[in-house]
Amino acid sequence: MSPRHALRPTPRGHWILLFLVLPVVTTALLFEGWTTHEVDAARSKRPCTRPIPRAADNGDPVLRITGDRIETAGMPPRTAALTFNGGPDPTWTPRLLDLLRRHHAQATFFLYGAEAARHPALVRRIRAEGHEIGSYTYTGGDLGTASTIRSRLELSLTQTALAGTAGVNTRLLRLPHTTAADTLCGAEWGAARRAAAQGYLLVAADHKSRKPAEGVVRQYSHTDLGYREARALLGNRRVDKFTTVTAGLGRPTLTIPVSMAQRVKGEGLLWAQTLGHAFTRMMAWVLGIAGALGVLRLVLLALFARAHVRRTGRRRPGAPRLREVLEPVTVLVPAHNEEAGIVATVRSLLASQYPQLQIVVIDDGSTDATADLAEAIGDPRVTVVRRSNGGKPKALNTGLGHARHDIVVMVDADTVFEPDALYRLVQPLAHAAVGAVSGNTKVGNRRRLLGRWQHLEYVIGFNLDRRMFEVLECMPTVPGAIGAFRRDALMGIGGVSEDTLAEDTDLTMALWRAGWRVVYEESAIAWTEVPGTLGQLWRQRYRWCYGTLQSMWKHRRALVEMGPAGRFGRRGLTYLTLFQIVLPLFAPVVDVFALYGICFRDPAQALAVWLGFLAVQLITAGYALRLDGERLRDLWSLPLQLFVYRQLLYLVVIQSVITALLGTRLKWHRMLRSGTSDQHLRKELSHAGRG
């Protein structure tokens, strides 16, 4: 992916693809659930409420129903029709076929359509060896309790499966959960009449009490017991003929070849079922792996955060805080149409406890009063530089040209610093290997639900992720809201690059590759304004995610480099790839699979898993809030975050990845400011004043 793409409109076609993929995934899951009786279940037979008609209750196992007319038939004396229910089974069906071959016997196999689709070679062997094939429905669902739609599909899909596997259809049917004809009572009789109306010959079995020499239809299963019972019957010397049902009745076979069109349709069903089974198995693994990785990530974040707390709580050899840093600092404030918050930002910097300060406000072609408001502050420490609009990287580079000091702090124009933030931010630069320091950004406008969600995300990201990144020496981003740099380190990498839309991430990665360390100072706190609407949030995160992808691609060679660059590449880039790209790409499908589990599988188990994961998130978020000195009361909004906010962020990743793959160059998406970055800070200070 080239960092500079052609300027084209943001692609929209992949949303159509996404909304086509999700229904296909949903359909595959529903079909798989249907075949396992998780959807529209018809597992068990209802108790009989009325007997079968008298015309059918004469003991004969074969029934033909034509309107109100009922005909029955059975095997002639000394003739046995062996029938096998279910299957084909990869273990026992071959053994049964070998047994029949040794005795030169023919039999009728009533097959499940779903199992026939799974084992087409066995169906073809049954057909090739001269045996008869009948339908045992697609999944073995009880047609007496099944819905009308399920009853039709149970029969029609079985025919389609047989057409795809052996190129045949059959008009022989045995209803699941039935034995002798008198078990077709109650609701089963209605199912039998409906099947007969479609042209099926219904085959039951003789009672066990009927002797084989009298002529019998016996039914066996594809099991060890079925094998032994069939072998015993084949050894009965009072039976002269072991044959199929239709041959025993002296009728033409009801297993007939199909047309090429029917065969192609059947083969399509086989592929669909194979892919469906593979997909559901894969998704079960993906869901398990994703859940395990999610929990493992949260646990590791907490452990690394604890390690970071211990590290910063004591001095040790090689620690970055070796001396007090009081050198003069230049603060760069790039601004474009930031009149809502520029005054609050500059005044918070001027109120800083830091002794020597130069503030450079770079007005990047604003069309409002941003520059005028900054100049009206009237403090000699503030310099306003006006330039035509060229983007944030060019504005920062312009500011670097006006910087008079060796320590440079970059600040967004919607950020309000706490009085001691600058002092605390620059202290890690006492260590000669440290080239940049990330501060701690907090959400100012958190009164509404969307703000609270972002507040929790920021607290977890800054107090857990960044602590882990520092311990592992792979900090990927010094945020534009609050970051300190050595001026010579910035000059050494050529300043702020314009290659990506995430100039802060690109800059940080470039510093690692140049051999500098990047650390986190949690006590340097700045307050920022976050998007107040979902549309603004989408645009902001889209730019962030797309820019991060650009930066990762640009600095991909860090994976094979040595020293700090290699550590950053192998740890930081791998982490970003796994948790910020790969897992979010699978998230919509995982969500569909999880929803399916709640609706059709085991709701209690699915709910327990969800609550367990939520509990881990709450504990981790609570720990992050405690580390950041925040109150725990905002945790109530975390469960709600899982239903809207998370899905939005996942869709942002999908949009960004597709945009990057298509080589589209994004325009800068600017957020509309309302000057509420210090809203929460003012509220807290007012509470403290009243206290």
Side-chain angles (χ1 to χ4, degrees), residues 17-18 20-43 84-94 96-97 109-128 133-141 149-150 152-170 176 222 255 257-290 585-586 588-590 592-597 599-601:
L17 177 63
L18 176 64
L20 287 176
V21 168
L22 289 181
V24 169
V25 168
T26 303
T27 302
L29 287 174
L30 291 176
F31 182 70
E32 177 68 11
W34 185 85
T35 62
T36 57
H37 298 276
E38 292 170 347
V39 178
D40 190 20
R43 292 178 179 273
F84 297 94
N85 293 347
D89 179 82
T91 301
W92 288 104
T93 301
L96 292 171
L97 291 171
F109 288 81
F110 290 94
L111 304 177
Y112 290 130
E115 294 302 317
R118 287 191 181 96
H119 310 290
L122 289 176
V123 182
R124 288 192 286 269
R125 180 181 171 186
I126 292 170
R127 174 70 174 162
I133 295 175
S135 171
Y136 201 50
T137 72
Y138 196 76
T139 69
I149 295 176
R150 184 175 192 108
R152 292 175 180 173
L153 289 175
E154 287 280 358
L155 298 178
S156 63
L157 287 178
T158 302
Q159 299 288 17
T160 304
L162 294 176
T165 53
V168 298
N169 277 166
T170 181
H222 294 248
T255 304
V258 298
S259 66
M260 179 59 68
Q262 290 175 302
R263 185 152 195 163
V264 170
K265 180 181 177 182
E267 290 175 351
L269 175 63
L270 302 190
W271 275 104
Q273 180 166 309
T274 300
L275 293 175
H277 285 306
F279 173 76
T280 52
R281 286 194 298 269
M282 179 190 72
M283 287 311 305
W285 278 99
V286 168
L287 187 61
I289 293 172
L585 287 177
F586 284 98
V589 177
V590 170
V592 170
F593 191 77
L595 183 62
Y596 169 82
C599 295
F600 300 112
R601 287 194 166 180

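Note that the coordinates shown come from a computational prediction; the quantities given were computed from them, not determined experimentally.
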Measuring only between side-chain heavy atoms, which start at C-beta, is [X] closer than 4.5 Å to [Y]?
X: T255; Y: R127; answer: yes
X: P94; Y: R125; answer: yes
X: P88; Y: V123; answer: yes
X: E115; Y: D89; answer: no
X: I126; Y: T93; answer: yes

When Y112, F109, F84 are each screened for ring pair (Phe, Tyr, Trp, His ring centres under 6.0 Å) with Y136, the one that passes is Y112
Of all heavy-atom pairs between [X] and [Y], which one has the smallest distance, and what is that distance?
X: N169; Y: A163; value: ND2-CB, 4.1 Å
X: L122; Y: P90; value: CD1-CA, 3.8 Å
X: P120; Y: T165; value: CB-CG2, 3.6 Å
X: L111; Y: T158; value: O-CG2, 4.2 Å
X: L270; Y: A161; value: CD2-O, 4.2 Å

Kindly indicate, with the supporting measurements, whether the criterion side chain to side chain donor-acceptor pair (under 3.5 Å) is fulfilled by T170 and Q159.
CA-CA 7 Å; T170 181; Q159 299 288 17; 5.8 Å; no
For the pair E154 (side chain) and Y138 (backbone), establish whether a donor and an acceptor sit closer than 3.5 Å, ignoring hydrogens and angles.
yes
Verify side chain to side chain donor-acceptor pair (under 3.5 Å) between Q262 and S259, making sure each step is shown before the conclusion.
CA-CA 5 Å; Q262 290 175 302; S259 66; 3.3 Å; yes
